[in-house]
Amino acid sequence: MPKEAAKPRRKAAEKADKPARKPKKVPGAPKRALSAYMFFSQDWRERIKTENPDAGFGELGKLLGAKWKELDEAEKKPYIDQAARDKERADDEKAAFDTKQKNGSGDEEDEE
DNA sequence: CGATTGATTGTTATT
DNA sequence: AATAACAATCAATCG
């Protein structure tokens with residue numbers, strides 16, 4: 001049995017009183033990459049809507065997530081692949097962000 | 001060095 | 001424009 005890391009990833013439905021998550025923390029945030037779910041939704045949202053034209057937001061989310069878990073790794077693979085591809089892109093942004101901050105704030109194209 | 005957390009991504013319908 | 005379940009993620013940061 002693999003060791004489990006105590007990582008109770010639960011953040012959704014945690015809207016007690018917080019004014020939503022913070023807009024951003026660090027200036028020039030290179031934004032992360034999309035997750036496989038993002039690509040999965042882009043492709044599936046059509047089918048979900050096709051098979052569930054009455055499905056609203058709740059149904060979509062729950063139904064989508066349920067399907068996602070149903071898929072096999074091979075099924076998710078293409079989505080993960082896209083996510084991985086985007087990750088490379090995000091990596092570039094991060095690299096640029098890292099380099100830029102290392103360089104110093106001097107000449108920016110259009111950054112305020 | 002390890003774990004945790006925080007920030008982020010995209011969908012839709014409603015307001 | 002913003003929010004809210006759904007899932008991933010993963011990079012930076014703290015101990």
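Chain identifiers are assigned alphabetically (A, B, ...) following the order of the sequence lines, protein sequences preceding nucleic acid strands; residue numbering begins at 1 within each chain.
Hydrophobic clustering (ILVMFWY, side-chain heavy atoms < 4.5 Å, transitive): A/L71 and A/Y37 are in one cluster. In the hydrophobic clustering of ILVMFWY residues, with side-chain heavy atoms under 4.5 Å counting as a link, A/L34 and A/F97 come out apart. Under the 4.5 Å side-chain heavy-atom criterion for grouping Ile, Leu, Val, Met, Phe, Trp and Tyr, A/M38 is connected to A/F40 within one hydrophobic cluster.
Evaluation of the side-chain hydrogen bond (donor to acceptor under 3.5 Å, both in side chains) rule for A/E59 yields no partner, not counting sequence neighbours. Scored by the salt bridge (charged side-chain N to carboxylate O under 4.0 Å, His left out) test, A/D81 finds no partners at all (sequence neighbours excluded).
One atom, CD of A/E59, and another, P of C/dA4, lie 18 Å apart when rounded to the nearest Å. A/E93 places its CD atom 13 Å from the C1' atom of C/dA11, with the value rounded to the nearest Å. We find that CZ of A/F97 is positioned 8 Å from P of C/dA12, with the value rounded to whole Å. In this entry the distance linking CG of A/D43 with C1' of C/dC6 reads 17 Å, nearest Å. Per the geometry, CD1 belonging to A/I48 stands 19 Å off P belonging to C/dA5, to the nearest Å.
Taking only side-chain atoms of A/K94, from C-beta outward, the nucleotide of C/dC10, C/dA11, C/dC6 with the closest atom is C/dA11. The nucleotide whose nearest atom lies closest to any side-chain atom of A/W68 is, among C/dA5, C/dA7, B/dT9, C/dA7.
Residue pairs that meet the salt bridge (Lys or Arg N to Asp or Glu O under 4.0 Å) test with at least one member in residues 83-92 of chain A, sequence neighbours left out, are A/K87-A/D91, A/R89-A/E93.
Summarising the geometry of A/P78 relative to A/A74, their closest heavy-atom pair is CD-O, 2.9 Å, with the distance given to 0.1 Å. Residues A/A36 and A/A83 share a closest heavy-atom pair of N-CB, 3.6 Å.
Computed from C1' positions of five pairs at each end, the angle between the two local axes of the helix from B/dC1-C/dG15 to B/dT15-C/dA1 equals 50°, rounded to 10 degrees.
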Listed pairs, N/O of protein and of nucleotides 10-13 of chain B, under 3.5 Å:
from, atom 1, to, atom 2, distance (Å)
B/dT12, OP1, A/R45, NE, 3.4
B/dA13, OP1, A/K49, NZ, 2.2

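For the segment residues 76-89 of chain A, residues with any heavy atom less than 4.0 angstrom from an atom of DNA chain C are, sorted by number, A/K87.
Between the CD atom in A/E46 and the CD1 atom in A/I48 there is a gap of 11.0 Å [rounded to 0.5 Å]. With values rounded to the nearest 0.5 angstrom, A/Q42 atom CD is found 7.5 Å from A/Q82 atom CD. Taken to the nearest 0.5 Å, the CZ atom of A/R47 stands 10.5 Å off from the CG atom of A/L64.
Between A/K69 and C/dA7, a side-chain N or O to OP1/OP2 separation shorter than 4.0 Å is present.
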